[in-house]
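Take a look at the structure below.
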Amino acid sequence: ELLQISNSVSYEDSPEITMPGIPCTMARSLYDDIRDSCAALDTDLVRLDTEAAQVRFEGLEEEVNFMALLGLLHFGSGYHKEFYQLNGCDAYDAVTKGGAPREMAELITRCLNDTGRILWERRMSSLGEFVLSELHQQIEEAEDGRPRAEPLLRALVSTFPSFADRAKEDETSGAVHFYVKAQRLLAKLYRRFRETEPQLFDFADLDQFCALSDSALPVAVLRQQGVLVVAPQVATRIDAGEELHSSSDMKAEVALRAKAIS
């Protein structure tokens with residue numbers, strides 16, 4: 001076994017995280033404290049041009065389309081090293097700003113072409129139109145009339161291959177479904193529109209979302225807490241800073257991501 005989950009770890013045994021000098025109450029969101037304290041900083045060294053900082057969209061569909069397109073292109077973690085050498089930033093920043101290795105650029109082109117072809121076949125002008133159309137349809141069919149994320153998640157991963165991120169340990173095993181990009185998009189849509197467009201984005205089933213294990217951070221934290229117990233032959237390589245990108249490492253990488261979710 002490459003990996004197992006320890007059931008003996010209690011989160012109550014973890015050290016309490018405190019922030020001295022910062023009052024934390026249930027009545028006021030800590031997010032509000034962050035925003036207000038930053039806005040209240042009186043300085044002549046930096047000025048915020050609020051007009052220039054605003055991104056303006058011509059309607060809901062255009063903004064949803066922008067967010068969906070960014071979500072679609074959120075891939076390329078296997079090229080982090082190449083991106084840092086080329087641009088000094090990670091894959092996602094490089095994709096959004098431009099400047100990708102040739103192989104990655106070809107993957108982006110293929111992703112956009114495939115998505116555009118699917119939208120054209122469905123007579124839809126954008127990903128934004130697809131998302132809103134699916135939401136309106138499922139709300140009409142819902143008994144309580146409330147929007148839910150799961151039907152939209154199912155529509156995204158079944159329609160667009162680039163949203164259906166899944167993996168296999170080997171040719172004989174079944175597929176392991178992650179659907180990280182689609183779930184991340186739904187979470188961002190919820191945060192952005194749940195107050196201004198609650199009839200569409202105040203998802204009633206948001207608490208059913210799975211953990212997102214597309215980066216090393218959740219795996220590292222769970223391992224440090226003793227929740228993920230990694231086989232010695234894999235742990236030695238991780239501790240040595242070796243990358244798990246070869247075909248022989250696929251089983252370990254899939255196991256790490258899958259157990260971080262389960």
Side-chain angles (χ1 to χ4, degrees), residues 31 55 57-77 92 95-96 107-108 110-169 173-215 217-218 254 257-262:
Y31 300 118
V55 179
F57 298 96
E58 295 182 2
L60 178 62
E61 180 183 326
E62 185 174 304
E63 186 169 357
V64 171
N65 183 66
F66 177 77
M67 296 175 66
L69 186 59
L70 284 182
L72 187 76
L73 297 177
H74 199 139
F75 63 90
S77 60
Y92 181 68
V95 167
T96 55
L107 291 175
I108 295 172
R110 189 184 312 156
C111 168
L112 293 175
N113 286 340
D114 288 346
T115 302
R117 174 183 53 78
I118 294 170
L119 289 171
W120 182 83
E121 291 173 351
R122 289 174 168 265
R123 300 296 187 267
M124 291 190 170
S125 61
S126 68
L127 280 170
E129 181 182 358
F130 177 87
V131 168
L132 294 178
S133 175
E134 289 292 330
L135 284 172
H136 282 296
Q137 179 178 339
Q138 66 106 340
I139 290 171
E140 290 179 0
E141 296 173 354
E143 294 183 359
D144 59 1
R146 291 196 61 188
R148 284 171 172 76
E150 196 273 341
L152 179 55
L153 174 65
R154 186 179 297 276
L156 286 170
V157 301
S158 63
T159 305
F160 302 100
S162 294
F163 271 122
D165 48 316
R166 55 174 67 94
K168 297 179 69 174
E169 286 188 319
S173 63
V176 179
H177 304 135
F178 296 117
Y179 303 153
V180 171
K181 291 195 295 183
Q183 287 189 90
R184 180 187 288 111
L185 171 60
L186 297 182
K188 289 183 176 181
L189 291 172
Y190 170 80
R191 288 195 299 267
R192 172 64 183 89
F193 297 113
R194 74 177 185 273
E195 294 182 356
T196 58
E197 303 287 342
Q199 72 282 5
L200 290 174
F201 296 101
D202 188 14
F203 300 130
D205 58 343
L206 195 73
D207 60 332
Q208 299 299 310
F209 271 31
C210 297
L212 305 183
S213 65
D214 60 328
S215 69
L217 182 59
V254 172
R257 293 186 62 190
K259 293 306 179 181
I261 294 175
S262 62

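Everything quoted here is computed from the prediction, not taken from an experiment.
- Under a 3.5 Å cut-off, the side chain of Asp165 and the backbone N or O of Phe178 do not form any donor-acceptor pair.
- To the nearest 0.5 Å, the span separating CD on Glu134 from CD on Glu129 amounts to 11.0 Å.
- Side-chain atoms of Glu61 do not come within 3.5 Å of backbone N or O of Leu132 as any donor-acceptor pair.
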What do the steps show when you test Leu153 against Phe203 for side chain to side chain contact (heavy atoms under 4.5 Å, CB included), and what is the final call?
CA-CA 12 Å; Leu153 174 65; Phe203 300 130; over 6 Å; no
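- Sorted by first and then second residue, the side chain to side chain donor-acceptor pair (under 3.5 Å) pairs with a member in residues 62-71 read Glu63-Arg192; sequence neighbours excluded.
- More than 12 heavy atoms of other residues, nucleotides or ligands sit less than 6.0 Å from atom CD of Glu121.
- Across all their heavy atoms, Pro147 and Pro198 have their closest contact at CG-O, 3.8 Å.
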Do Glu150 and Gln208 pass the side chain to side chain contact (heavy atoms under 4.5 Å, CB included) test, and can you show the C-alpha distance, the side-chain angles, and the key distance before you say yes or no?
CA-CA 9 Å; Glu150 196 273 341; Gln208 299 299 310; over 6 Å; no
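- The line from OG of Ser125 to CG of Leu119 is 8.0 Å long, rounded to the nearest 0.5 Å.
- The cationic group of Arg123 lies under 6.0 Å from the six-membered ring centre of Trp120 and within 45° of the ring axis, placing it in a cation-pi geometry.
- Leu186 CG to Leu206 CG: the interatomic distance, rounded to the nearest 0.5 Å, is 8.5 Å.
- Taking each heavy atom of Arg194 and Arg191 in turn, the nearest pair found is NH1-CA, 3.4 Å.
- Remark: side-chain polar atoms of Lys181 are paired, donor with acceptor, to backbone N or O of Leu72 under 3.5 angstrom.
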Decide ring-ring contact (aromatic ring centres under 6.0 Å, His included) for Phe160 and Phe130; before the verdict, give the C-alpha distance in whole Å, the side-chain angles of both, and the deciding distance to 0.1 Å.
CA-CA 11 Å; Phe160 302 100; Phe130 177 87; 4.9 Å; yes
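- Within a 6.0 Å radius of CZ in Arg154, other residues, nucleotides and ligands contribute 12 heavy atoms or fewer.
- No donor-acceptor contact under 3.5 angstrom links the side chains of Glu140 and Gln138, judged on distance only.
- With rounding to the nearest 0.5 angstrom, the CG atom of Leu200 is 10.5 Å from the CG atom of Leu189.
- Taking the six-membered ring where the residue is Trp, Tyr179 and His177 present parallel rings, their angle staying beneath 30° rather than reaching 60°.
- Within a 6.0 Å sphere centred on CZ of Phe66, other residues, nucleotides and ligands contribute 12 heavy atoms or fewer.
- For the side chain to side chain contact (heavy atoms under 4.5 Å, CB included) test with Met67, the passing option among Val131, Leu185, Leu127 is Leu185; the others fail.
- Atom CD of residue Glu195 and atom CG of residue Asp202 lie 9.0 Å apart, to the nearest 0.5 angstrom.
- Remark: Leu73 CG to Leu69 CG distance equals 5.0 Å, nearest 0.5 Å.
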